[in-house]
S.K.: 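This is the structure, below, for whatever I ask next.
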Amino acid sequence: MLSRRRLGVTLGIVLSLILSTVALGALGDRLLSRGTNGSDVREMQAKLIQLGYPVGPLDGKFGSRTENAVRKFQQDHGLKVDGIAGPKTIGELSHLTGSSTNASGVALGNKSADVNLLAHIVNGEARGEPFIGQVAVAAVVLNRLKNPAFPKTIAGVIYQPGAFSSVSDGQVNKQPTASSIRAAREALSGVDPSHGALYFFNPAKTSNRYIWSRPEITKIGQQIFTS
Amino acid sequence: MRDRMRKAWIGTLAVALLVSLAWGVNEYQSAKQYRIALDVQHQRSLQGIAGHLDQLDTDLAKGAVAGSANQQVLYLGRVSSQSEAANHDLAQLPADQTGLSYVGQLLAQTAAFANSLSQRVAVGDAISPAEAKTLNDMHTRVIQVNRKVQDLLVRTNTENLAWTGTPTRFNLAGIFGRTQVAEAAAEGQAGSAPHSVRNGLEQLDTSLEKLPPLKYQGEYSTRSVAKPLGLPAGQVSRQQAQSVARDFLTKAGYQGLVPVPAGETKGPLAAYTFTAKTAYLEVSRQGGVVLLFRDQRPIGTRTLSAAQGQSKAAAILHALHWNLAFTSVEDDGSYIQLAAVSEEKGIYYYPDKVRLMVALDNGQLVGYDATAYWAFHHTRSFPGPRITLAEAEKKLPAGFSLTSTHLAVIPRPGNREVLCYELRGRYRGEEYLIYVDALNGKEEKIERVIHTPRGDFIQ
């Protein structure tokens, strides 16, 4: 009887300790740097991944890959590059992953579904291509929306059977990089280095006769863009 | 000793065999569950296509006879949504290259054509005989597709037709006495009875391929022009284009940077392309103007605010001899993106757009896209507003609180441009841009303004 009570007390202490750690560990309460662990690190890692900065496993441990991701994020966002997530870095991370609002401040959600899906296809199809070529790949998807021969939604175009090899082989499911996300956003803002192309292909990897028969518009990196 | 060793070995092997058997059975069970789940999904999609095509066929038939505009709009709207739904289901079925297929294309074209027709009929236009003929052509093809899909559906039900005809080399289902996967010998050959759903769809495609392509004016292409409207006259050589690029770089603050020829692009806005260190430029062959510039240099620590960045952008535009008005700013952390449009006598010309990116470490231009401006800019001949601002405001709902107004030319589907009053304001907690045609007072377009982490966004 006594031991059960002692067990209860011990459990209570352990639980309250855990709860206090959780309460203390809110993102932004402390500086996060190499070697720090905890739920706040995990939260930061999730935000980094969401914005296209891979951190390796989402484990709440601030290791070298997380540090690299923080540095890259800082560089891309005009912050001091020191690999330490202080108030400015965390503030920017939270701001960019925050919700959009309407005029009276009602949260409308992240509103990044289009950017996110476009970034996935850019990542799957044009990883390793020059940035301008990545924008062009995203622009091809958007050009298809405007063409009567293609579906009228981004998801419809991207998941059209056989339309993109990265969908067939699952590459499209990989987490997009910051560069792919930026390329997607630029294409959505209206930039089109493909000059209205509807198809693109890597001549070294494609034997599809239909694609080869299309008139070429431009070549960017390894990819040919056709109408 | 040896005997004990042997027993130990046999024991280990027996355990290993049991473990691998258990693993195999487990894998087989889960594979079976996946197969059933996938089967159900495919079945649902095929049923969906059949249902939507059937309805599409009926709606096309009814729409052809409808005499009143109201009935026509109703049936054209249905044709559009049924075609899109059928295409959506088609995309869920296993296929190799149906992404580029004729069935998908036919359905997308039908949806787009019916949609643009219904919009026009809704504002008082009539369907022309040529358009009625196109609709009739589409209907003939839809009937053909529908017939084939109904047949496929019957065959999947009666003959347990497989989804794909790819023979598996080691078929567990076969070993266990189930026949889920049909043998396939002649994939893609038209004429014979299909041996799988995929094969049936391929045959359908082949039969459609023989028909002449559908021709009609694409109402959807708001973005493309057959011929750029704004490019200056005369062709330039690569050398001339190179000096244009060098001049541009100098004016944008890149002293001594030499553009190197990289290639060229074809099409209506054909251009010479150049690279210069981390930058990429396009100079048009006609007229020799810079269409696109993007520098990918690493950007240092931010020293400028968005407002300071915008005044840098204004100075750069001035140096490049542009006279434009900024319409939006987006803050990306290390740089800002701005959109600017041409403005004459207080009228914003939204199609004539130039996009800029300014780095916030030193205020340098890192991105520039004048493609839209050169494609769409021309001297317009609008007669001037025929209704007053006060009359336009009467179109707003009661309680709409106006914050700003402007005259603006906006692009509309079908390569149209409309002179409008842009009325910005708030209504029931939301912010809107409402465009009222300045010539006839019709409400042309409604945009909603939302605040995203990067700036205001219109949707």
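Hydrogens, waters and symmetry mates are skipped; everything else that's a heavy atom, side chains included, is used. A note on names: the letters A, B, ... follow the listed sequences, proteins ahead of strands, and every chain is numbered from 1.
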S.K.: Measure distances from A:I132 to the heavy atoms of chain B and classify the residue's part below 4.5 Å as side chain, backbone, both or neither.
M.R.: side chain

S.K.: Under the 3.5 angstrom rule, does the side chain of A:T218 hit a backbone N or O of B:T265 as a donor-acceptor pair?
M.R.: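 No; zero donor-acceptor contacts below 3.5 Å.
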
S.K.: Using non-hydrogen atoms only, which part of B:D361 is less than 4.5 Å away from chain A: side chain, backbone, both, or neither?
M.R.: neither

S.K.: Could you tell me whether A:E186 and B:R355 make a salt bridge, using a distance below 4.0 angstrom between a side-chain N and a carboxylate O?
M.R.: no

S.K.: What part of A:L108 lies closer than 4.5 angstrom to a heavy atom of chain B: side chain, backbone, both or neither?
M.R.: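 The answer is the side chain of A:L108.
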
S.K.: State whether the number of non-hydrogen atoms from other residues, nucleotides or ligands found under 6.0 Å of A:R42 atom CZ is greater than 12.
M.R.: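 12 or below, so no.
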
S.K.: Quick one: what part of A:F131 sits under 4.5 Å from any heavy atom of chain B, side chain, backbone, both or neither?
M.R.: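 For A:F131, side-chain heavy atoms alone lie under 4.5 Å from chain B.
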
S.K.: How long is the straight-line distance from NE2 of A:H77 back to CD1 of B:I299, given to the nearest 0.5 Å?
M.R.: 10.5 Å

S.K.: Return the CG to OG distance between B:D456 and A:S100, rounded to the nearest 0.5 Å.
M.R.: 10.0 Å

S.K.: What part of A:P193 is in contact with chain B, defined as an atom under 4.5 angstrom from a non-hydrogen atom: side chain, backbone, both or neither?
M.R.: both

S.K.: Kindly check if the number of other-residue, nucleotide or ligand heavy atoms within 6.0 Å of OH (B:Y427) is above 12?
M.R.: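 Yes, OH of B:Y427 has more than 12 neighbouring heavy atoms, counting only those of other groups under 6.0 Å.
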
S.K.: Apply side-chain contact (heavy atoms from CB on, under 4.5 Å) to residues B:K266 and A:H195 and explain how you reach the verdict.
M.R.: CA-CA 8 Å; B:K266 299 183 186 79; A:H195 288 259; over 6 Å; no

S.K.: Non-hydrogen atoms of chain A under 4.5 Å away: do they reach the side chain of B:L107, the backbone, both or neither?
M.R.: neither

S.K.: For chain A, which candidate among B:D331, B:L292, B:D369, B:N87 shows the most heavy-atom pairs at distances under 4.5 Å?
M.R.: B:D369

S.K.: For B:Y335, is it the side chain, the backbone, both or neither that has a heavy atom under 4.5 Å from a heavy atom of chain A?
M.R.: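 Contact with chain A is through the side chain of B:Y335 alone.
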
S.K.: Begin with the C-alpha distance, continue with both residues' side-chain angles, and end with the deciding distance and a verdict on side-chain contact (heavy atoms from CB on, under 4.5 Å) for A:T153 and B:E84.
M.R.: CA-CA 10 Å; A:T153 60; B:E84 281 187 10; over 6 Å; no

S.K.: Answer with side chain, backbone, both or neither: which region of A:S189 has an atom nearer than 4.5 Å to a non-hydrogen atom of chain B?
M.R.: both

S.K.: Near A:Y159 OH, under 6.0 Å, is it more than 12 heavy atoms from other residues, nucleotides or ligands?
M.R.: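 No, not enclosed.
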
S.K.: Could you look at A:Q74 and say if it's the side chain, the backbone, both or neither that has a heavy atom under 4.5 Å from chain B?
M.R.: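 For A:Q74, there is no contact with chain B at all, as no heavy atom is under 4.5 Å.
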
S.K.: If only atom types and distance count, is the side chain of A:H95 paired as donor or acceptor with the main-chain N or O of B:P453 below 3.5 Å?
M.R.: yes

S.K.: First locate atom CZ of B:R302, then atom NZ of A:K88, and finally report the distance between them rounded to the nearest 0.5 Å.
M.R.: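 Nearest 0.5 Å value for the CZ-NZ distance: 10.0 Å.
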
S.K.: More than 12 foreign heavy atoms under 6.0 Å from NE2 of A:H120: is that the case here?
M.R.: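 Atom NE2 in A:H120 is packed in, count exceeds 12.
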
S.K.: Highest number of heavy-atom pairs under 4.5 Å with chain A: which of B:H88, B:R428, B:M357, B:E330?
M.R.: B:M357

S.K.: Chain A heavy atoms under 4.5 Å from B:T452: which part of the residue, side chain, backbone, both or neither?
M.R.: both

S.K.: Measure the CZ-CD distance between A:R185 and B:Q337 for me, rounded to the nearest 0.5 Å.
M.R.: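 Rounded to the nearest 0.5 Å, the CZ-CD separation comes to 8.0 Å.
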
S.K.: Provide the closest heavy-atom pair for A:A103 versus B:E430 in the form atom of the first, atom of the second, distance.
M.R.: CB-C, 3.8 Å

S.K.: Is the shortest side-chain heavy-atom distance between B:R426 and A:S104 below 4.5 Å?
M.R.: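 Contact flag for B:R426/A:S104 side chains = yes.
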
S.K.: What part of A:Q75 gets within 4.5 angstrom of chain B, counting heavy atoms only: side chain, backbone, both, or neither?
M.R.: both

S.K.: Where does B:H451 contact chain A at under 4.5 Å (heavy atoms): side chain, backbone, both or neither?
M.R.: both

S.K.: Measure distances from B:R448 to the heavy atoms of chain A and classify the residue's part below 4.5 Å as side chain, backbone, both or neither.
M.R.: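 Interface part for B:R448: side chain.
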
S.K.: Without swapping roles, check the side chain of B:S334 against the backbone of A:D76 for a donor-acceptor pair under 3.5 Å.
M.R.: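 The answer is yes, because a donor-acceptor pair under 3.5 Å joins these two groups.
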
